[in-house]
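These notes concern the structure reproduced below.
These numbers were taken from a predicted model, which means no experiment stands behind them.
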Amino acid sequence: MTKLRTALAATAAAALGLAALAAAPAQAAARPAFLSAAQMPASSTPWTATPVFTGVPENGGALCAPYKIPAQNTRYREFTTELDTSGVQITTVARTEADAVKLVGTLRTALAGCGPLLERQNPGLEAVSASHGKLAVEEGAWVYSLDTADPQVGNTDIHLFSVGRDGRTVTFVHWGQMGDLADAPLAGFRTTTKTAVNKLY
C-alpha cells in the first residue's frame, strides 16, 4: 500500500509538472496588443499605422524621454496623417512588476520635467510641460503635454504623452502636431490612452 501511494504521488507530481510546462509557453506567447489607426484621436484626415516593429524607434523611443525605454522585450507602432500629425505607441514587458513600476516612474519624471530641460538645451526655445492627471485603467495611466514655440523660426508644436501599466507591461503613447494646447484633442487622447492600456491583454 505504501508503494502504491508513493507511485500515485509521483504520477500526480509528474502530471502537475507537465501542466506547468504546457502553461509556460502559452503565457510566453501572449504578446501585448497595439492600438489600431482608428483608435488614435480623431483627425481631419485618416490615420495610417505601420506594422508592429521589434525594439524602439531610431530616435531612442520617446520624445522627452529618449533612451529611457529598453529595447529588450519592446515593440512599437508608428502613426501618421496627411496633415503631419504623428504618433507612436511603444510597449515593453519588464522582467518583474517592480521593474515596470520603476520604469513608469522614470518616464513620468522625464515627461514632467521635459519643458525646462528643452529650454536649457535649446536657448531661445519656449517649452512648457503640464500634467493632465491620472486615468483609472488597470494599474493606472498618466497624461502629459509639451507646448513648444521657437520665436526665431515662428514654429509652435504641441505634443501629448501618456504612460500606462498593466502588471509587468508598460505602454507609452505619443501624439504631436503643429499648434498649441488649445489645438490638441486632449479628451480624445485620454480615450486613446485608456484603449491602449485595456487592449494590452
Nearest 0.5 angstrom please: [X] [atom1] to [Y] [atom2], how far?
X: Leu83; Y: Trp47; atom1: CG; atom2: CH2; value: 10.0 Å
X: Thr169; Y: Glu97; atom1: OG1; atom2: CD; value: 9.5 Å
X: Lys68; Y: Arg108; atom1: NZ; atom2: CZ; value: 15.0 Å
X: Glu126; Y: Leu118; atom1: CD; atom2: CG; value: 13.0 Å

Legend entry - Connected hydrophobic set around Val52, excluding itself, where side chains approach under 4.5 Å: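 Cluster partners of Val52: Phe34.
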Inset, instruction - Flag yes if more than 12 heavy atoms outside Gln121 fall under 6.0 Å of its CD atom; otherwise flag no. - result: yes
Legend entry - Gln72 atom CD: more than 12 heavy-atom contacts under 6.0 Å: no
Validation row: [X], [Y] side chains within 4.5 angstrom (heavy atoms):
X: Gln177; Y: Ser43; result: no
X: Met178; Y: Asp84; result: no
X: Thr192; Y: Gln39; result: no
X: Glu139; Y: Asp166; result: yes
X: Phe172; Y: Val104; result: no
X: Trp142; Y: Ser131; result: no
X: Thr85; Y: Phe79; result: no
X: Leu186; Y: Leu160; result: yes

Show the nearest heavy-atom pair for residues [X] and [Y], with the distance to one decimal.
X: Gly124; Y: Pro151; answer: O-CD, 3.2 Å
X: His174; Y: Phe161; answer: CD2-CE2, 3.4 Å
X: Leu146; Y: Ser129; answer: CD1-OG, 3.6 Å
X: Thr156; Y: Ala149; answer: CG2-CB, 3.9 Å
X: Val56; Y: Ala71; answer: CG1-CA, 4.1 Å
X: Pro32; Y: Tyr201; answer: CG-OH, 3.4 Å

Inset, instruction - Report the C-alpha separation of Thr171 and Gln89 in whole Å, then their side-chain angles, then the decisive distance to 0.1 Å, and conclude whether the side chain to side chain contact (heavy atoms under 4.5 Å, CB included) test is met. - result: CA-CA 7 Å; Thr171 194; Gln89 181 185 8; 2.9 Å; yes
Inset, instruction - Let me see the working for Ser145 and His159 under side chain to side chain donor-acceptor pair (under 3.5 Å), right down to the final yes or no. - result: CA-CA 6 Å; Ser145 65; His159 301 271; over 6 Å; no
Inset, instruction - For side chain to side chain contact (heavy atoms under 4.5 Å, CB included), just list the numbers for Arg77 and Val88, CA-CA rounded to whole Å, side-chain angles, deciding distance to a tenth of an Å, and then say yes or no. - result: CA-CA 6 Å; Arg77 166 174 278 172; Val88 66; over 6 Å; no
Legend entry - Distance flag, aromatic centroids of Phe53 and Tyr76, threshold under 6.0 Å: yes
Is a side-chain N or O of [X] found less than 3.5 angstrom from the main chain of [Y], in a donor-acceptor match?
X: Asp183; Y: Gly179; result: no
X: Trp175; Y: Met40; result: no
X: Asp147; Y: Leu181; result: yes

Is it true that [X] and [Y] fall in one hydrophobic cluster, defined by side-chain heavy atoms closer than 4.5 Å?
X: Leu107; Y: Tyr144; answer: yes
X: Leu200; Y: Val170; answer: no
X: Phe189; Y: Leu135; answer: yes
X: Val93; Y: Leu103; answer: no
X: Val163; Y: Val101; answer: no

Inset, instruction - Dump the intermediate steps for side chain to side chain contact (heavy atoms under 4.5 Å, CB included) on Thr91 and Thr74, then the final yes or no. - result: CA-CA 6 Å; Thr91 298; Thr74 299; over 6 Å; no
Inset, instruction - Determine, step by step, whether Glu82 and Thr45 satisfy the side chain to side chain donor-acceptor pair (under 3.5 Å) criterion, reporting the C-alpha distance in whole Å, the side-chain angles of both residues, the deciding distance to 0.1 Å, and the verdict. - result: CA-CA 6 Å; Glu82 295 175 4; Thr45 59; 4.9 Å; no
Inset, instruction - Could you verify whether a donor N or O on one side chain and an acceptor N or O on the other, from Thr96 and Asp99, lie under 3.5 Å apart? - result: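 Present: a donor and an acceptor within the cut-off.
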Inset, instruction - Go through the steps to decide whether Thr80 and Ser86 satisfy the test side chain to side chain donor-acceptor pair (under 3.5 Å), and finish with yes or no. - result: CA-CA 4 Å; Thr80 56; Ser86 62; over 6 Å; no
Inset, instruction - Apply side chain to side chain contact (heavy atoms under 4.5 Å, CB included) to the pair Val137 and Thr193, showing each step before the final yes or no. - result: CA-CA 9 Å; Val137 55; Thr193 296; 5.6 Å; no
